[in-house]
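Here's the structure, in structure tokens; my notes come after.
These values consider heavy atoms only, across backbone and side chains, with no hydrogens, waters or symmetry-generated copies.
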Amino acid sequence: ILTSLEKLEVAPPSPGQLKHVFFHNALPFVGFGFLDNAIMIAAGTQIELSIGVVLGISTMAGKYCHIQSNLFVFSCSSRLAGYVEALASRLGLSIPDLTPKQADMWQTRLSAHLGKAIGVTIGCLLGMFPLLFFGDEEEKLEEKK
């Protein structure tokens with residue numbers, strides 16, 4: 001037996017609410033993608049270059065070390081995700097005002113997933129800035145061989 005409240009249809013979220021959901025999910029993921037990629041590039045390359053040079057290992061073994069360091073860096077950056085979300089809330093990013101039924105609608109979930117995907121993509125692109133500084137080191141390493 002349905003109660004009178006369950007019979008009522010809930011209006012789908014407005015475009016403004018969906019935009020709020022999108023940005024609420026995107027901004028923390030921009031920060032996460034940035035930290036993840038920047039740390040992975042900087043730390044991973046340095047670990048690969050230092051271990052490879054010290055141990056005199058092949059490029060393939062160095063790449064394996066790089067993959068292992070990426071796993072470590074990912075675990076570190078995923079721990080930083082909580083700080084990124086806290087910073088986003090301090091910057092005034094409020095939780096969207098939705099009813100539980102509106103939050104569970106496909107439009108809201110789609111907006112949230114798109115926000116996360118686009119946010120992490122932008123963050124990863126921005127996080128590639130350490131690549132600007134690695135050209136000289138790799139050329140020097142090639143000259144030593």
Side-chain angles (χ1 to χ4, degrees), residues 1-55 57-139 141-142:
I1 300 176
L2 297 175
T3 64
S4 60
L5 290 176
E6 291 175 342
K7 291 179 185 178
L8 294 175
E9 288 291 321
V10 177
S14 69
Q17 288 175 314
L18 291 175
K19 188 166 41 168
H20 192 167
V21 168
F22 177 87
F23 285 113
H24 179 75
N25 285 283
L27 287 178
F29 274 83
V30 170
F32 173 74
F34 174 82
L35 289 173
D36 184 52
N37 216 18
I39 293 170
M40 192 176 304
I41 289 170
T45 302
Q46 290 303 315
I47 290 170
E48 178 186 345
L49 291 174
S50 62
I51 290 175
V53 170
V54 170
L55 299 178
I57 56 180
S58 69
T59 303
M60 288 305 289
K63 291 295 177 192
Y64 176 75
C65 292
H66 186 85
I67 291 168
Q68 297 304 316
S69 67
N70 287 350
L71 293 173
F72 169 74
V73 170
F74 179 75
S75 69
C76 292
S77 61
S78 60
R79 290 184 190 133
L80 294 173
Y83 294 112
V84 171
E85 288 179 5
L87 178 65
S89 67
R90 281 189 190 159
L91 293 174
L93 187 65
S94 61
I95 296 172
D97 188 28
L98 298 171
T99 66
K101 286 194 177 200
Q102 284 178 321
D104 195 39
M105 289 183 172
W106 70 269
Q107 299 97 323
T108 309
R109 289 194 311 257
L110 178 66
S111 181
H113 291 309
L114 283 174
K116 291 173 185 177
I118 291 171
V120 80
T121 301
I122 292 170
C124 285
L125 290 172
L126 293 173
M128 291 189 326
F129 82 94
L131 293 174
L132 297 172
F133 305 107
F134 285 125
D136 296 336
E137 291 178 13
E138 292 176 4
E139 289 174 7
L141 191 65
E142 290 295 323

Contacts satisfying side chain to side chain donor-acceptor pair (under 3.5 Å) that involve residues 109-129 (not counting sequence neighbours) are D104-R109
Any side-chain heavy-atom pair from L98 and P13 closer than 4.5 angstrom? yes
Between N25 and A112, which heavy-atom pair has the shortest distance, and what is it? ND2-CB, 3.4 Å
Least distance between heavy atoms, K101 atom then V10 atom: CD-CG2, 3.6 Å
Please give me the minimum heavy-atom distance between A11 and M105, naming the atom from each residue. O-CE, 4.0 Å
Output all residues satisfying side-chain contact (heavy atoms from CB on, under 4.5 Å) with L27, sequence neighbours left out; order by chain, then residue number. L93
Which residues share a side-chain contact (heavy atoms from CB on, under 4.5 Å) with S14, sequence neighbours left out: Q17
For G127 and P130, the nearest pair of non-hydrogen atoms, with its separation, is O-CD, 3.1 Å
List in chain and number order the residues that pass side-chain contact (heavy atoms from CB on, under 4.5 Å) with V30, two or more places apart in sequence or in another chain; answer none if no residue qualifies. I122, L126
Contacts of type side-chain contact (heavy atoms from CB on, under 4.5 Å), residue F129, not counting sequence neighbours: F34, A38, F133
Between CG of N37 and CZ of F32, what distance do you get to the nearest 0.5 Å? 10.0 Å
